[in-house]
Number of protein chains: 2
Amino acid sequence: MAILASAREAFARSGYDGVGVREIAERAGVTAMLVNRYFGSKERLFAEVVADIMTTPIILTPETLVSAHAGDEMADALVRITTADGAPLDGFQIMWRSASSPAAAAIARREIDAHYHKTLTAALPGPHAPERAALLLAVVAGVQIMRQMIGLEALASCPPEVLTELLRPVFREFWRTDDHQPPGTRGNRRKR
Amino acid sequence: MAILASAREAFARSGYDGVGVREIAERAGVTAMLVNRYFGSKERLFAEVVADIMTTPIILTPETLVSAHAGDEMADALVRITTADGAPLDGFQIMWRSASSPAAAAIARREIDAHYHKTLTAALPGPHAPERAALLLAVVAGVQIMRQMIGLEALASCPPEVLTELLRPVFREFWRTDDHQPPGTRGNRRKR
DNA sequence: GTGCGTTGTCTACAGGTGTAGAATTATGAA
DNA sequence: TTCATAATTCTACACCTGTAGACAACGCAC
């Protein structure tokens, strides 16, 4: 379906509010009205695009999650994705760029919840797995946004290898299984 | 200035593209044209709002940064901010919600760079301080977005105390000063 | 009172938005 | 070829966007 591909590309580039139905249609070689004839409305088209994205995991491949170095592999994948701005890697990007629109945010929430968050929760060890899975997704979101949307200088110009090495310990934190003590009693390794 | 306050509230709620000049003006008790008379354009108004926000640090107070428990305090502050949706706590929110608009993203990048990122870089120990400061800001952004914009269930309904306890080790990671070894040689504490 | 600069508003424009309904064209079977 | 049916487009509507230019109300010095 050419319309779906065009919509995906357009939403990834400009977000839900930033692109019009006419533009999506034109890039697909059809008229704006055909889009509505097929999908009912712009909102339903967006939902269809997001659902389509969810069917093919990008960062969270099953192999990555069960790996013994899951945290490291996730860090590598995140850096890889945010470095090359290729076409098939725009999965999450669509949702961050559209999050400011309430309608789009609701769709994104539902789909992230049902797919990525559920999968990730099952893969994380230790207590509070759902909350920690959500935080992990938050880190992924933050890095993507700062690197690709805001374009913060220090992140945008950072060599991939350095970024990977800096991200790995952060992600490892989520797969740690030792010292889960009650709040406040755990020592931190800060320098005072 | 009533217009500035109205604009700040409106941008925080709906983002740069999501709100119109007429709405901002009406909530300030004036006409849309007066806004342009004072600020020149919507874009310049947005820049003014962002610059105004930057003058009063929200998470990164100087006391927080030099504290011996800087990481913990930052985690606490982040949870506090994303829990209560009060008026004066909308600082970053404005930028995430507006990041999909290129014009707004450019303004946000410049201001974050000049204020928050610079300050945070100076406060972080160890090598790659700029990159790690940017990553820290990315984590803050991700949590805010997932919690307040996407509204991911696991994060939205998570008790503040739990969230704080889960965030602390993540933030501590950025203030660690031990074991900065070359890439790949550092042991991770994963369970295999 | 008279002039004047500021403050604010009114009207209007050119363009964009999503989408409903009618009209048109292409397609395939008889 | 003829005709029914599906695929696609045309026209139009009602509304919203940022903003330029002309105009009116205001306080205030003289």
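Chain naming here is simple, since letters A, B, ... match the order of the sequence lines and numbering starts at 1 in each.
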Between the protein and nucleotides 6-8 of chain C, list the N/O to N/O atom pairs that are separated by less than 3.5 angstrom.
from  : atom 1 : to    : atom 2 : distance (Å)
C/dG8 : OP2    : B/Y38 : OH     : 2.1

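- In this structure the side chain of A/E111 never reaches within 4.5 angstrom of the side chain of A/I53, judged on heavy atoms.
- Separating the CE atom of A/M1 from the P atom of D/dA7 is a distance of 11 Å, rounded to the nearest angstrom.
- Side-chain contact check for B/R147 and B/T83: at least one donor-acceptor pair (N or O, by modelled atom type) lies under 3.5 Å.
- A straight line from CZ of A/F39 to P of D/dA7 spans 14 Å, rounded to a whole angstrom.
- Spacing between atom NZ of B/K42 and atom P of D/dT19 amounts to 8 Å, rounded to whole angstrom units.
- Atoms CG (B/N36) and P (D/dT17) sit 13 Å apart, rounded to a whole Å.
- Using cut-offs of 30° and 60° for the angle between ring planes, the B/F92 and B/Y116 rings count as tilted.
- Under a hydrophobic clustering in which Ile, Leu, Val, Met, Phe, Trp and Tyr are joined whenever their side-chain heavy atoms come within less than 4.5 Å, directly or via other members, B/L65 and B/M54 fall into the same cluster.
- For A/R22 against C/dG18, a side-chain N or O and a base N or O form a donor-acceptor pair under 3.5 Å.
- Across the protein-nucleic acid pair, A/E26 atom CD and D/dT8 atom P stand 17 Å apart, rounded to whole Å.
- Side chains of B/S67 and B/E73: a donor-acceptor N/O pair is present below 3.5 angstrom, by distance only.
- Atom CE of A/M33 is separated from atom C1' of D/dT11 by 11 Å (rounded to the nearest Å).
- Cluster annotation: A/M1 and A/L45 are assigned to the same hydrophobic cluster (Ile/Leu/Val/Met/Phe/Trp/Tyr, side-chain heavy-atom contacts under 4.5 Å, transitive).
- Rounded to whole angstrom, the span from the CD atom of B/E23 across to the P atom of D/dT17 amounts to 8 Å.
- As a whole-Å value, the separation of A/R44 CZ from C/dG18 C1' is 14 Å.
- Counted by atom type alone, A/R80 and A/T164 present zero donor-acceptor pairs between their side chains at under 3.5 Å.
- The residue A/V19 sits close only to the backbone: its heavy atoms come under 4.0 Å of sugar-phosphate atoms, none of a base.
- DNA chain D is contacted by both B/G18 and B/G40; B/G18 maps to the nucleotide lying nearer its 5′ end (nearest heavy atom per residue).
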